[in-house]
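Worksheet: one structure, shown below.
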Amino acid sequence: MAKCWSSLRRAPASKVGHLIEGKPGVSYLAVKMGYPLVPVGIAGTYDEIFFDQLKHFRRPHINIHIGPMFTLPPLPSEGQGRDEALKADTDEIMCRIAAQLPEENRGFYADYPRLQELLKV
């Protein structure tokens, strides 16, 4: 049986309907546990139409896109750029999630060069 780890929250919950800046906790746990990550972009769960449809027991329209699995490199030891590595890993995770979302939902990561690289592939 393959080991896997799930993190349902990639950042503090967005109250604006698009990605906000990620926090390093998920990347720290992912590196420490050594499990591969699978980026998942979920769109259509924030707007008023979604809540109205739920309220009236209608099926909402939700898009889920699943990206390719990836792993993060090991962290350097304390004082050797660990904080920078955590920030870079967090940005990598968030850019891979952003690549799975519609353009209007990419938020904070919409103009990241790494996201543009991922979108070209």
Side-chain angles (χ1 to χ4, degrees):
M1 177 188 236
K3 291 187 176 190
C4 66
W5 176 67
S6 170
S7 171
L8 297 177
R9 291 195 45 198
R10 76 265 184 268
S14 172
K15 294 180 172 54
V16 291
H18 53 75
L19 287 180
I20 56 177
E21 186 174 12
K23 305 293 183 189
V26 170
S27 59
Y28 177 78
L29 287 173
V31 169
K32 283 297 186 185
M33 296 178 85
Y35 295 151
L37 303 170
V38 177
V40 177
I42 302 173
T45 61
Y46 183 76
D47 57 13
E48 295 86 27
I49 296 169
F50 173 79
F51 294 109
D52 186 56
Q53 289 172 333
L54 284 181
K55 198 164 54 171
H56 293 98
F57 300 104
R58 286 186 234 130
R59 190 177 305 172
H61 181 74
I62 300 171
N63 291 312
I64 301 173
H65 294 271
I66 302 170
M69 186 170 31
F70 70 101
T71 56
L72 296 171
L75 284 175
S77 25
E78 291 284 338
Q80 296 181 356
R82 185 181 184 119
D83 290 341
E84 292 82 10
L86 277 172
K87 171 76 170 116
D89 288 347
T90 300
D91 289 343
E92 180 68 17
I93 292 169
M94 296 300 289
C95 284
R96 287 181 181 252
I97 292 171
Q100 305 307 314
L101 292 170
E103 192 171 345
E104 64 271 11
N105 296 117
R106 294 180 185 153
F108 184 83
Y109 295 92
D111 297 324
Y112 264 61
R114 177 63 179 140
L115 174 60
Q116 302 312 314
E117 290 174 21
L118 291 168
L119 293 173
K120 287 180 184 175
V121 173

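Quantities reported herein were computed from a predicted structural model and do not represent experimental measurements.
Take Asp91 and apply the side chain to side chain donor-acceptor pair (under 3.5 Å) test, not counting sequence neighbours, and it matches Lys87.
Of the possible donor and acceptor atoms, one in the side chain of Gln116 sits under 3.5 Å from a partner among the backbone N and O of Ala110. Within the 3.5 Å criterion, the main-chain N or O of Leu101 finds a donor-acceptor partner in the side chain of Arg106. Tyr109 places no side-chain N or O within 3.5 Å of a backbone atom of Ile97 that could act as its donor or acceptor partner.
Atoms CG and CD, on Asp89 and Glu84 in that order, are 11.5 Å from each other to the nearest 0.5 Å. Distance OH/Tyr35 to CE/Met69: 13.5 Å, rounded to 0.5 Å. Note: Leu72 CG to Met33 CE = 13.0 Å, rounded to the nearest 0.5 Å. Within the model, atoms CE of Met94 and CZ of Arg96 stand 14.0 Å from one another, a figure rounded to the nearest 0.5 Å. Taking CG of Asn63 as the start and CD1 of Ile42 as the end, the distance is 10.5 Å to the nearest 0.5 Å. Put simply, CZ on Phe70 and CG on Leu37 are 4.5 Å apart, with the number rounded to the nearest 0.5 Å.
Heavy-atom minimum distance, Ser27 versus Thr90: OG-OG1, 2.8 Å. Of all heavy-atom pairs between Gln100 and Pro68, the closest is NE2-CD, 4.5 Å. Residue Leu75 comes nearest to Ala85 through the heavy atom pair CD2-CB, 4.0 Å, listed as atom of the first residue, atom of the second, then distance. Annotation for Ala43 and Asn105: closest pair CB-OD1, 3.9 Å, computed over non-hydrogen atoms. Considering every non-hydrogen atom in both Leu118 and Ala99, the closest pair reads CB-CB, 4.3 Å. Nearest heavy atoms, Leu19 versus Ala98: CD1-CB, 3.6 Å.
In this structure, Glu103 places its CD atom where only 12 or fewer heavy-atom neighbours from other residues, nucleotides or ligands lie under 6.0 Å away. Counting non-hydrogen atoms of neighbouring residues, nucleotides and ligands closer than 6.0 angstrom, the CZ atom of Arg59 reaches no more than 12 such neighbours.
Within the 4.5 Å cutoff, no side-chain heavy atoms of Val31 are placed close to those of Leu86.
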I would like to know whether Val40 and Ile64 meet side-chain contact (heavy atoms from CB on, under 4.5 Å); could you show each step before the answer?
CA-CA 7 Å; Val40 177; Ile64 301 173; 3.8 Å; yes
